[in-house]
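Right, one structure below, let's go through it.
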2 protein chains.
Amino acid sequence: MGPAKVKAREEFARYLQENGLKGSQQRSHILESFLSMPPHLSAEELHRQVATVDEGIGLSTIYRTLRLLCDAGLAKQRHFQEGRSCFEQAFEHHHHDHLICVSCGRIEEFICEEIETRQDQVADQHGFTLTHHRLDLYGHCADCKPE
Amino acid sequence: MGPAKVKAREEFARYLQENGLKGSQQRSHILESFLSMPPHLSAEELHRQVATVDEGIGLSTIYRTLRLLCDAGLAKQRHFQEGRSCFEQAFEHHHHDHLICVSCGRIEEFICEEIETRQDQVADQHGFTLTHHRLDLYGHCADCKPE
DNA sequence: GTGAGTGCAAATGGTTTGCACCAAC
DNA sequence: GTTGGTGCAAACCATTTGCACTCAC
């Protein structure tokens with residue numbers, strides 16, 4: 001169990017504390033599952049995982065807690081596919097962009113300073129002040145290459 | 001009326017022809033409205049515009065025709081905001097990325113060869129073969145700058 | 001006249017919400 | 001014991017679809 005996860009737990013507890021929110025068994029189970037899973041997952045996937053520990057937990061609670069985690073800065077909501085959210089572990093993560101395999105769904109992260117710089121230049125040329133951006137590269141990963 | 005629009009009409013007729021599809025008053029009205037409007041619009045916006053010419057036209061017909069236009073290569077479906085599609089005029093358009101104003105919704109297009117090149121390099125380093133990508137820059141445009 | 005196109009209403013599906021009940025502080 | 005949390009079912013909402021009818025070829 002890495003120190004990042006310990007810190008994430010503390011962070012969540014602190015967030016609840018500071019906002020006059022309560023803890024609960026469900027929230028603990030959801031957080032633990034979230035921390036133990038791959039860094040990118042859907043609400044549905046998280047729900048299935050949590051169900052192995054707590055059968056009766058509702059999907060709405062998953063969504064509500066996921067929103068809490070986003071507000072607390074521990075998760076980030078992404079939209080790699082239309083009509084379905086992907087939640088990403090955000091604690092101790094710096095900015096990065098994504099490579100998404102269109103065959104198997106594998107997601108890899110990267111960051112390219114050159115691209116970041118160019119984006120700022122482009123925005124500048126158009127008189128825009130950037131708030132955020134989204135760069136997703138879609139393709140076939142090494143394992144899914146057609147022969 | 002630019003030559004691009006004339007070509008777009010011919011292209012659509014040809015597409016229908018080649019695929020054993022029929023023309024209709026509705027399809028003509030929708031195409032004309034689509035060509036006369038700004039290059040980025042929602043199905044709803046197109047529907048409202050078409051309604052000024054043909055009151056009774058259904059929203060489903062708008063969607064069905066929009067899909068046809070995409071298939072014919074005259075439109076491209078984008079997803080700048082979650083849960084709402086944006087359709088873009090695609091005839092005589094080359095590849096480009098977008099700047100989106102988070103205040104007024106204005107959309108500007110740009111292309112940066114340097115970024116394109118870097119994307120290929122990044123994909124290569126990760127063993128990916130790119131099929132497509134999505135680069136959206138969000139921010140405040142010149143007119144919406146906070147003083 | 002036949003197969004495709006249309007309008008309408010109903011379905012879809014991921015996500016959110018209203019509400020009565022339950023539990024953490 | 002008060003206030004927030006939970007599960008369930010119903011609501012959302014852009015988009016799609018089933019169906020009976022109409023129109024283009």
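Both backbone and side-chain heavy atoms feed into the values below; hydrogens, waters and symmetry mates do not. Per chain, numbering begins at 1; letters A, B, ... match sequence-line order. From a predicted model like this one, the values you see are computed outputs, not experimental measurements.
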Which residue lies more 5' along DNA chain D, comparing B/G23 with B/F87 via nearest heavy atoms: B/F87
Counting C-beta onward and ignoring hydrogens, is there a side-chain heavy-atom pair between [X] and [Y] closer than 4.5 Å?
| X | Y | value |
| --- | --- | --- |
| A/L74 | A/F12 | yes |
| A/D124 | A/D120 | no |
| A/R118 | A/E114 | yes |

Between B/H96 and B/H94, a side-chain donor and acceptor under 3.5 Å: no
B/S85 and B/Q77: side chain donor to acceptor below 3.5 Å: yes
Roughly how many Å is it from [atom1] in [X] to [atom2] in [N], rounded to a whole number?
| X | N | atom1 | atom2 | result |
| --- | --- | --- | --- | --- |
| A/L66 | C/dT15 | CG | C1' | 11 Å |
| B/R67 | C/dT6 | CZ | P | 13 Å |
| B/R84 | C/dG14 | CZ | C1' | 17 Å |
| A/K22 | C/dA24 | NZ | P | 9 Å |
| B/D71 | C/dA4 | CG | P | 16 Å |
| B/L68 | C/dG5 | CG | P | 7 Å |
| B/L69 | C/dG5 | CG | P | 13 Å |
| B/N19 | C/dA4 | CG | P | 12 Å |

Touch class at under 4.0 angstrom, heavy-atom based, for A/R27 against every strand present: sugar-phosphate
Sugar-phosphate, base or nothing in reach of B/S85, heavy atoms under 4.0 Å: sugar-phosphate
Residues A/D97, A/R134: salt bridge by 4.0 Å N-O rule: no
Electrostatic pair A/E108-A/R106, nearest N-O below 4.0 angstrom: yes
Atom NE2 of B/H132: over 12 foreign heavy atoms under 6.0 Å: yes
Residues in contact with DNA chain C, drawn from residues 48-62 of chain B - heavy-atom cutoff 4.0 Å: B/G56, B/I57, B/G58, B/S60, B/T61
Span of DNA chain D, from the first to the last nucleotide whose atoms fall under 4.0 Å of chain B heavy atoms: D/dA14 to D/dC25
By ring-ring contact (aromatic ring centres under 6.0 Å, His included) - contacts of A/Y63 (at least two apart): none
Distance test, side-chain N/O of A/Y63 to OP1/OP2 of C/dT15, below 4.0 Å: yes
